[in-house]
**Student:** 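Input: one structure, supplied below.
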Amino acid sequence: MSACQKAARPLTQCLRISQASSQSSRTIRLFTSSSRLSEEAVTETASFTPTPIYDPETVTSSKEERKLMRTGVYPIGSRRRRAAIKTSENIPFEQLPYQCFQEARKILQADREEKLALIAKERLRISNLVATDSATINGGQKVKDVRLDSMRRHLEYLKIQADINDPLIKKRFEDGQGDMTKPIYRYLADRKWREYQRKIIVQRIEQLGIVPDVLPFFEPTAEVRLAFRQKNVQPGEFVDSRISEVPPRLKVQVFDKGERLVTIVVIDSDVPLIEKDDFGSRCHYLAANIPLSPAETSLPLSKATEAQVIHPWLPAFTQKGSPYHRYSVFVLQQEPGKILDTASLKEQIKRDGFSLRRFVDKCKVTPIGMNIFRSIWDEGTAGVMERAGIEGADIEFKRKKVVALKPKQKARGWEARHASDKYKSLRR
Amino acid sequence: MLLPRLQPPLRAAIASIARSAPSVQSTACLNEAFAALALKPLVFVRHASHAQQGAVNKAKDGPGKRLGAKKSGEQYVIPGNIIFRQRGTHWFPGDNCAMGRDHTIYATESGYVKYYKDPERHPKRQYIGVVFKRDQVLPLPRNSHRRRRLNMVAVKMEVPEVAEGGEVAVSGVTLEGGEGEGRKEVKVKKAKARKGEEGRDLKLRPGYMYRESNWEIGRAAERAGVKVKPFKPRDRWTAWKKREVRFAKNAEKRSLGRKIGGK
């Protein structure tokens, strides 16, 4: 029995009677809007159900959790919370009988009504302004556009303000059930991202020198998460060559509304060039015209179609002795309505010597998010290079000897001083 | 303390005069002597400063520490060359330079020294950097890519040759240490392991000693299959038996010693 079940035992004993009585009379209302399916099965059919369906809100034992996770649904919240929901009266949160809480809720609801009224008013104003002729406005079309823009921004602000105080919205967001097509959940997700994960990415960008080397300046506005098969990759983590042999899966979360087309680039910025005594860059993956929206976050790179892929996935490899290679995965947003011609880009853009600055300028895309991993030589690199048909697995890099500025020290000792012909007679 | 300057020779002379001539002439002589003494009064001396005062309040100035620039601007340096010695940070390390624990600025790349200011990095600080080309200007333009040098040579890796035809007899001796490349399988004559030393894996350690690891030594008993009867706390009979055996052995040892020693 799990610890939380042990903790909930006195409560269970207390409520067993009430539960037993209620089971027969009515189904227990949970925090979820729908009633418990497993209970329904018990009350409706007398026979034993062969495949019990687990509710993500009330699974408590690890066995049940694992079975639920295998179906693709994840349990919500902590196990302690789920045990509490299972064993308590399950009064819906908004109906909790605390006077102060209910009074506060009334105030918040009144405030929400006010905000909704303001939203309606603002919408009306916007529609009126759109309808008016720009010639009648003092300043013309430009002033009209500026005014419309600021009014629309204010409208977005009001939409957030109407919902930000709602505890159920907060709860739904924290349970991962927020609908990203709604602005409030996008706002909450953006805030959460900026609190921690974005700071990590910005730190990695600065530490690993991505900004001056790959792009002149970059501010992330979308969350990009990287995983190879089942293994999640922390930003800047060293990934084994055998793991990065397959194309990764991206989870990109944008925080502004609307669907857009993105381009994904994976660039290696530390390719050693012996002749130039410098480092070059190489493109390991390039795909364009990939649709992305706040609700659909999953982008497996292996599932990109032939029409979208410009350069297919090249496994990450680092030759022995070379310093670590940085692999940056960039998500670039294309201009609204613009579709890149992948066929022509396939001829024009080469893998070696790929410059992201030039690509961004040419195709007029804006970088919105990035992630990064590193790679060094390990036991599997030779095999990976062989399977991918890359030459150079047997090359090792050794440091060049630095010539000292000091003159070589003269030989010391009696023998050295008497080595010339003058002392031939003294020689042995 | 003011000490009177003593004139011992004069005093001694007066004393001897007084002893030798106790007549009226002596008193006259004595009077003369004392008059001479009075003419030359006792001198009490006081100097401006004491030795202690001088040592404590001396102006502090020790030997010079040879601080300052050791390499001038546009001078060629190699990694490790000290460029500037300082107390505190008059100069900060810039590109391809680092700072030691006593704020010494030294080069980490071969190149040419540059002294410069970078207001975008810090409004007041001044930096020392190393560039790869003599005419390159520091600070670099805003948001431009970093200049880097590979400083490496590509060498073909040696593939280890495996002896063809037959097994390579590698028994308890294995060659260890060094890089993986260039490792050759050496044909070692299979030395027959002595009884009780089967399964010993002697490796070549630094100092040209063939040795097995300490943990392997510790498990020698396990390998040999040594069986030890578990200790039973309240089994006095086994304890007595063991004690008797021990006493007998000790007695034999003592008698043996007496036989040889007391010869």
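Every chain is numbered from 1, with letters handed out A, B, ... down the list of sequences. Since we're looking at a predicted model, the values are computed, not measured.
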**Student:** Would you call A/Lys364-A/Glu335 a salt bridge at under 4.0 Å N-O?
**Tutor:**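 Not counted as a salt bridge, because no side-chain N and carboxylate O are separated by less than 4.0 Å.
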**Student:** Is a salt bridge present between B/Glu244 and B/Lys242, judged by a nitrogen-to-oxygen distance below 4.0 Å?
**Tutor:**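 Looking at B/Glu244 and B/Lys242, the cut-off is not met.
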**Student:** So does B/Glu109 pair up with B/Arg149, basic N to acidic O under 4.0 Å?
**Tutor:** no
**Student:** Is chain B contacted by the side chain of A/Val214, its backbone, both, or neither, given a heavy-atom distance below 4.5 Å?
**Tutor:**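 The answer is neither part of A/Val214.
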**Student:** Using a heavy-atom distance cut-off of less than 4.5 Å, which residues of residues 264-271 of chain A contact chain B?
**Tutor:**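 Those residues of residues 264-271 of chain A which have a heavy atom under 4.5 Å from chain B are A/Ser269, A/Asp270.
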**Student:** Answer yes when B/Glu216 and B/Arg200 have at least one side-chain N-carboxylate O distance shorter than 4.0 Å, and no when they do not.
**Tutor:** no
**Student:** In terms of relative ring orientation, are B/Phe84 and B/Tyr115 parallel, tilted or perpendicular, with 30° and 60° separating the classes?
**Tutor:** perpendicular
**Student:** Below 4.5 Å, heavy atoms only, C-beta onward: do A/Val384 and A/Arg242 meet side chain to side chain?
**Tutor:** yes
**Student:** Heavy atoms under 4.5 Å from chain B: which residues of residues 277-284 of chain A carry them?
**Tutor:**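 Within residues 277-284 of chain A, near chain B: A/Asp277, A/Asp278, A/Phe279.
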**Student:** Just wondering, do B/Ile83 and B/Gln75 contact through their side chains at under 4.5 Å, heavy atoms?
**Tutor:** no
**Student:** Please determine if B/Arg125 and B/Asp118 form a salt bridge, counting it only when a charged side-chain N lies under 4.0 Å from a carboxylate O.
**Tutor:**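 Salt bridge flag = no for B/Asp118 with B/Arg125.
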**Student:** Need one label for B/Phe132: side chain, backbone, both or neither, based on atoms under 4.5 Å from any heavy atom in chain A.
**Tutor:** neither
**Student:** Looking at A/Trp377 and A/Ala382, would you say the former's side chain and the latter's main chain have a donor-acceptor pair under 3.5 Å?
**Tutor:**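 Side chain of A/Trp377 to backbone of A/Ala382, a donor-acceptor pair under 3.5 Å: no, none is there.
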**Student:** Quick test of your reading of the model: are A/Arg198 and A/Asp190 salt-bridged, counting only N-O distances below 4.0 Å?
**Tutor:** no
**Student:** For B/Trp91 and B/Tyr127, run side-chain contact (heavy atoms from CB on, under 4.5 Å): C-alpha distance rounded to whole Å, both residues' side-chain angles, the deciding distance at 0.1 Å, then the answer.
**Tutor:** CA-CA 5 Å; B/Trp91 294 86; B/Tyr127 295 90; 5.7 Å; no
**Student:** Could you tell me which of B/Leu140, B/Asn143, B/Asn81 has the largest number of non-hydrogen atom pairs under 4.5 Å with chain A?
**Tutor:**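 Among B/Leu140, B/Asn143, B/Asn81, the one with the most close pairs to chain A is B/Asn143.
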**Student:** Measure B/Ser144 against the heavy atoms of chain A and call it side chain, backbone, both or neither at under 4.5 Å.
**Tutor:**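 The backbone, not the side chain.
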